Structure formats: structure tokens, C-alpha cells
Amino acid sequence: MNIISPFVVVRLLYFILFLALGLYPVSTLAQNNSTQPKPKYQYPQEIVSTYISSCSQRSVQEGLTQQQAKVVCQCTINQFQSRYSFEQFLKIYTQAQKTKKSPDEFVDVGIECAEKLLQ
């Protein structure tokens with residue numbers, strides 16, 4: 001059983017919110033996770049790969065292991081794709097960029113995925 005300190009969980013939540021707002025740089029990394037069910041909506045592969053790469057890099061920098069980073073990053077992008085069409089996601093993202101506030105939609109996903117690390 002992996003135990004993560006509350007401090008790391010809080011930092012992870014902030015990281016996910018900043019990542020969702022696009023405040024971290026992104027780079028491309030091929031996605032490789034066939035164990036996840038197919039989400040309702042499919043975003044362009046380049047977007048998914050870039051998101052997972054950036055998320056994984058930042059998560060490790062914030063104190064997660066490679067495996068924990070993989071879990072949380074795959075979880076967040078899967079949740080976004082399961083809940084929001086690409087157009088809806090872009091609308092939420094664009095609004096967040098304008099207001100510089102974390103939208104409830106992103107906060108909910110971040111919390112849900114961070115909780116998976118505690119299980």
C-alpha cells in the first residue's frame with residue numbers, strides 16, 4: 001500500500017489545476033495505457049499525448065513516483081474525455097484562461113483522481 005502525505009496530495013491538486021489552466025509547458029510523449037476503458041469522447045491523440053507528458057513530468061517534480069504520476073495523469077485525461085466533448089473542454093479551458101480561475105469542472109476531476117492515489 002502506497003501512502004502519500006497530505007502535503008503531496010495538496011500540491012498534486014494545485015499542479016493538476018495549473019496544468020488544466022495551461023500554466024505549465026507541454027511536450028509530446030506517446031501514450032501507452034491499454035488497461036483504461038475507452039472514454040466517451042476522443043480528443044486528438046497529439047493533445048492527449050502532450051497532456052500526459054507534461055502532467056507526468058510535473059507530477060514527478062512535485063514528489064510522485066513515476067507510477068503514481070502515470071495513474072493520476074491517465075485518470076485526469078480519461079475523466080475529461082469521459083465528461084466533456086473536445087469542444088466543451090476547450091470552452092472550459094478558454095474561460096479558465098480568461099479568468100485565471102480553476103473551474104469547478106477541473107477541480108472535481110483533480111480531486112477524484114488524487115483520491116485514487118490514496119486507495
Side-chain angles (χ1 to χ4, degrees):
M1 173 183 211
N2 290 335
I3 301 202
I4 302 172
S5 74
F7 176 73
V8 171
V9 172
V10 169
R11 289 184 68 186
L12 174 62
L13 287 174
Y14 280 114
F15 158 70
I16 291 169
L17 298 177
F18 281 124
L19 182 64
L21 290 174
L23 299 177
Y24 284 114
V26 294
S27 62
T28 304
L29 176 70
Q31 176 185 3
N32 182 16
N33 190 340
S34 60
T35 62
Q36 297 291 327
K38 187 173 181 178
K40 182 176 179 181
Y41 303 102
Q42 291 293 304
Y43 298 171
Q45 185 58 44
E46 184 175 334
I47 299 295
V48 173
S49 296
T50 300
Y51 175 88
I52 290 174
S53 174
S54 180
C55 177
S56 295
Q57 290 171 8
R58 285 291 172 189
S59 294
V60 168
Q61 290 175 359
E62 292 292 327
L64 296 182
T65 66
Q66 288 286 344
Q67 182 60 32
Q68 291 167 335
K70 181 180 176 181
V71 168
V72 76
C73 296
Q74 191 64 56
C75 176
T76 54
I77 194 65
N78 282 351
Q79 288 299 318
F80 291 142
Q81 290 183 102
S82 293
R83 296 177 186 196
Y84 310 109
S85 69
F86 188 58
E87 292 75 22
Q88 290 170 318
F89 177 78
L90 289 178
K91 183 178 178 180
I92 295 166
Y93 173 83
T94 302
Q95 185 62 32
Q97 287 290 307
K98 289 179 184 176
T99 64
K100 300 293 184 198
K101 294 182 181 178
S102 298
D104 290 342
E105 295 90 345
F106 288 172
V107 173
D108 292 344
V109 167
I111 291 170
E112 183 176 322
C113 290
E115 287 176 348
K116 287 187 179 201
L117 292 178
L118 300 175
Q119 297 175 349

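The structure presented is a predicted model; accordingly, all values stated were derived computationally and were not measured.
- Of the inter-residue distances, the one linking E87 atom CD with I92 atom CD1 reads 11.5 Å to the nearest 0.5 angstrom.
- Of the possible donor and acceptor atoms, one in the side chain of Q88 sits under 3.5 Å from a partner among the backbone N and O of S85.
- Atom NZ of K91 sits about 10.0 Å away from atom CD of E105, to the nearest 0.5 Å.
- Legend: residues meeting side chain to side chain contact (heavy atoms under 4.5 Å, CB included) with Q79, ordered by chain and number and at least two apart, are C75, R83, V109, E112, C113.
- When the side chain to side chain contact (heavy atoms under 4.5 Å, CB included) test is applied to T94, the partners found at least two apart in sequence or on another chain are K98.
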Does the side chain to side chain contact (heavy atoms under 4.5 Å, CB included) test come out yes or no for T65 and V60, once each step is laid out? CA-CA 6 Å; T65 66; V60 168; over 6 Å; no
Full working for ring pair (Phe, Tyr, Trp, His ring centres under 6.0 Å) between F80 and Y41: CA-CA 9 Å; F80 291 142; Y41 303 102; over 10 Å; no
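- With rounding to the nearest 0.5 angstrom, the OG atom of S54 is 6.5 Å from the CD atom of Q57.
- The CD1 atom of I111 lies 9.0 Å from the CG atom of D104; values are rounded to the nearest 0.5 Å.
- Distance check, rounded to the nearest 0.5 Å: OG of S56 to CD of Q68 gives 12.0 Å.
- Put simply, the side chain of S53 never gets that close to the backbone of S49: no donor and acceptor are under 3.5 Å apart.
- Within the model, atoms NZ of K40 and OH of Y84 stand 11.5 Å from one another, a figure rounded to the nearest 0.5 Å.
- A donor-acceptor pair is defined here as one N or O able to donate and one able to accept, closer than 3.5 Å; such a pair exists between the side chain of T76 and the backbone of C73.
- Residues meeting the side chain to side chain donor-acceptor pair (under 3.5 Å) test with Q42, sequence neighbours left out: none.
- Both Y51 and L90 are members of a single hydrophobic cluster when ILVMFWY side chains are connected at heavy-atom separations under 4.5 Å.
- Partners of F86 according to the ring-ring contact (aromatic ring centres under 6.0 Å, His included) rule, which considers only residues two or more places apart in sequence or in another chain, are Y43.
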